[in-house]
Amino acid sequence: MKKIIIYAIILSIILTGCWDLTDPEKLGLVTLMGIDTSDDGQIKVLIHEMPYQKQSSGQQNGGSGGGASIKLHSAEAPTISEAIQKITASDFRRTYFPYANAIILSEELVSSKGITPLMDYLERTIEIRCSMWILIAKEGQFNKIFSTSPWVEPNADPGNVIKKIIENKTTNSFLTTNSLSDFFNLSWETGSEPYTSGIELIDITGDKANQGEGSNADKSNTYDLSVQNTAVFKKEKLAGWMDNEESMGLLWATDGIKGGIISVKFHDKDVALKIVKADSNIKPKIADGKLQIDIHVNVTTDINESQASADYERSEVINKIQDLQAREIEKQILAALSKSRSLNSDVFGFGNYFFGKYPNYWRQIGSNWYDYYRDIDVNIDISSKVNHIGLTRKNREGS
Amino acid sequence: MIKNIKKLLNTSNKRQTEFQEKDTSRNYNNVYSEDKLENMQISYSLNENMDKIKDIMGGNTDIVIKSITLGRSKVKPAVIVYIDNLINSQYVDTDIVRPLVLDSYASGLNTSDDIVEQLQAGNLITRGQTTVAKNFKEFLNGVLTGEVGLLIEGVNQAHIIGAKGYEHRTISESDVEPVVRGSREAFIEVLSVNLGLIRRRLHTPNLVFEPFIIGAVGKTNVCMAFIRGICPEELCNEVRSRLNRIKIDGVLESGYIEEFIQDNPYSLFPQVRNTERPDVVASSLLEGRAAIIVDNTPVVLVVPGEFFSLMQAAEDYYNRYTFSSMVRFLRYFTFLISTFLPALYIAITTYHQEMIPPGLLVSIITARSEVPLPVFIEAFAMILTFEILHEAGIRMPRPIGQAVSIVGALVIGQSAVQAKLVSPLMVIVVALTAIAKFCIAQYNVTLSIRILRPLFMILASILGMFGIMIGALFMMFHLFSLESFGKPYMAPLSPLRTSDLKDTVVRAPWWALIWRPAYSSSNSKRMKSGQIPNPPEKKGGQS
């Protein structure tokens, strides 16, 4: 009897094993994923697979052009799953999604079909990681982003490049990019709307990429990938875009600023301040039956660049700068607020704060929240501080 | 031509058989059992005794039987019997033959009766170890262990005089347990020298070397060493009874004894600590353990050998405690690495690719893209290769050593990678695994690691991390249920004794190790507490 039990244990281990064994070289690591809508209304899925350099790469590379080792697959089908299945028919590796760095949705898709059908797949599937970034490609640019390769090195992996750009948030104050999980949360939560960054190709020479129609692989070096502006959603569809200034305002209010530059006009000259520390909180209030929001922002900056001539050793000057800084931030927040009101989308999540603090009251107003959203009193209180003035005390003009 | 050779062979064979036939005329068929010898009393007649000795030992070339006569008047014949290669001939000459034959005259002992009288009073022969044998068993035991037997006409007992002096290796540095700081001495094959090495470190009358003789044919001397008052009585009794239980024909190495006395004979883990170093034995005795020293073996057994004592190295206690603690951490880490690393590599690369950072995964894939073997076969091949090299390295004749290591390094390191049989990453994993093992001081433990490693690799290749977890759990169950001489194997971790933990994964400074390990000692205070050294100006403030 004892022997039988032992055999049973051993066999149950051995006979049930091995079924999901995959050697790593058989995986096609998806590094960037894109979803678009096709002309006949189907879903079009594009996939970038991570390039592997063979060890003896010398001879093989030359044949098929510089960006050959980045593999792009695409398929169209009514559902994402079917599209991916179609891709596997043309890919000798097993597509493997956990390493996808970002997913790019086309503006056409999110403004026509909305995000609901996509979201279900992204949430339900095991292999999709919710830590990947979600980006919206500007209108007409989706295919260009995938087909041209404006990457720094010919073999650089595009998903990774995008991820690195976004993770530079600490040196950039207008990136509103959300991860998939944050995006889901925003879209689910009561009284808030999702938003995320846009992505577009810009011509390094300054013109928009749209003008350079006949762009091919040789010219690709003059284009650069840029993550900027904010796509604002209402319910499940794209409501509109915020520019960088407004994006910054949104981030100030929602405690999203991790670093970067803010500039103020001092005597009509620009002074750039480097954000060292910033935090903010939002407090909802109901006073005399009127909805009210208090936004408090704490900010500490260093002077990074000054085109104005001023003696920063004097405390009046610093006070003045601090004051200007506060006003600038306030201006940005108000700009974001007015944009969100005009788009009729509560990206700040004010509704959520009221829902959290006054759940009973929310039950009365929740269904027609946007009637109230227009008329909320927003008080902005900014404690602004300039800490260091940098390595130089003298200014160029002053003496 | 061939016929001639055959003829030659035949004739030589014939000669051999003739020779053997001739030999059998000597009484080889008589086997002398212990009981038989014990019943053969030494008689008054020297001739009778001599006949018996010739009957028992006569066929040997190495036995020396030297006749002498005692006394100037009233002469008595006597015989000195010894084994040629076990005695020091100088001692026999100056301390036995000379006093009996020459010096006795000078001191005025003329008659043989006087000489025998003085001899029996113990005055004539000045060698230290002198005993008296009544029967042939005692007599031959003495002679065969390198003592000199003296038989005298008309005396029904033999004198056994110690004059041992056989060839042995000198004390040298330990090859298996080298240290940077600490005593360089290691045990050798001679029991008495080894006992001396321990005694030199512990000058206490309470240090006991209790003798045992194990082996019906080999009759190996075995000593149990312990310190009275520190080693608990139960442990001594347990060791004593386990040693007495052993019935075997011969003990050639302490490993024989180890397999007879360990608690769980089927376990993969050693439950007895082995050491070549007298300082380790001395410190173990001070911790209240017992040591078993076997003649002809430089390896001493220390019991109880629980897991944490097996992971110690002598030097842990000689170097500064901060560094020793760090090294201990490293050692436990290497234990884990060398047991689990190849298994983890297989599990993660074949089942859990999502656990690898993307950059690393790409480099794994790139490295593996031209390797034809699946990961786990690749891993097994490499581990097998390493085990072969390892075993060959031990068995090969020394002069060939360099050739083997060059071939090994080239085969494993370079050619296999260049031929794309294995990926460079695999080489790193196997090399790290192989090297990590050597951080563990106990060779015993590394042997169990070498068995566990492929087991875990099989589990990993079948079930991935889940398999490793199953294996690790079973290993834990086993480890925590083991005992070594009544002491829990994982003590002081389980049962938990927080006060003992300071000499396990870390090594507390000496002035903080006030207590001996709780399980192994009855007299557990090692030193006065509060001996932390203070700078002089602070001294006044204390008290």
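We name chains A, B, ... by the order of the sequence lines, and we start the count at 1 in each one. For the numbers below, each heavy atom of this structure counts, side chains included, while hydrogens, waters and symmetry mates do not.
A salt bridge links B:Asp263 to B:Arg242: one of the charged nitrogens lies within less than 4.0 Å of a carboxylate oxygen. At a threshold of 4.0 Å, the pair A:Glu82-A:Lys86 does not count as salt-bridged, since none of the basic side-chain nitrogens sits closer than that to a carboxylate oxygen.
The 12-atom threshold is exceeded at CZ of B:Phe438, counting heavy atoms of other residues, nucleotides or ligands nearer than 6.0 Å. Around the CD1 atom of B:Ile394, the shell of radius 6.0 Å holds more than 12 heavy atoms that belong to other residues, nucleotides or ligands.
Heavy atoms of B:Ser461 lying under 4.5 Å from chain A belong exclusively to its backbone. In this structure, chain B has no heavy atom under 4.5 Å from any part of A:Phe97. Using a 4.5 Å cut-off between heavy atoms, B:Phe466 makes no contact with chain A at all.
Between the side chain of B:Ser484 and the backbone N or O of B:Pro304 there is no donor-acceptor pair closer than 3.5 Å. A:Thr196 contributes a side-chain N or O that, together with a main-chain N or O of A:Asn178, makes up a donor-acceptor pair within less than 3.5 Å.
By the side chain to side chain donor-acceptor pair (under 3.5 Å) test, A:Lys163 is found to be paired with no residue, residues two or more places apart in sequence or in another chain being considered.
Residues of residues 347-358 of chain B lying under 4.5 angstrom from chain A, judged on non-hydrogen atoms, are B:Thr349, B:Thr350, B:Tyr351, B:Gln353, B:Glu354, B:Met355, B:Ile356, B:Pro357, B:Pro358 in numerical order.
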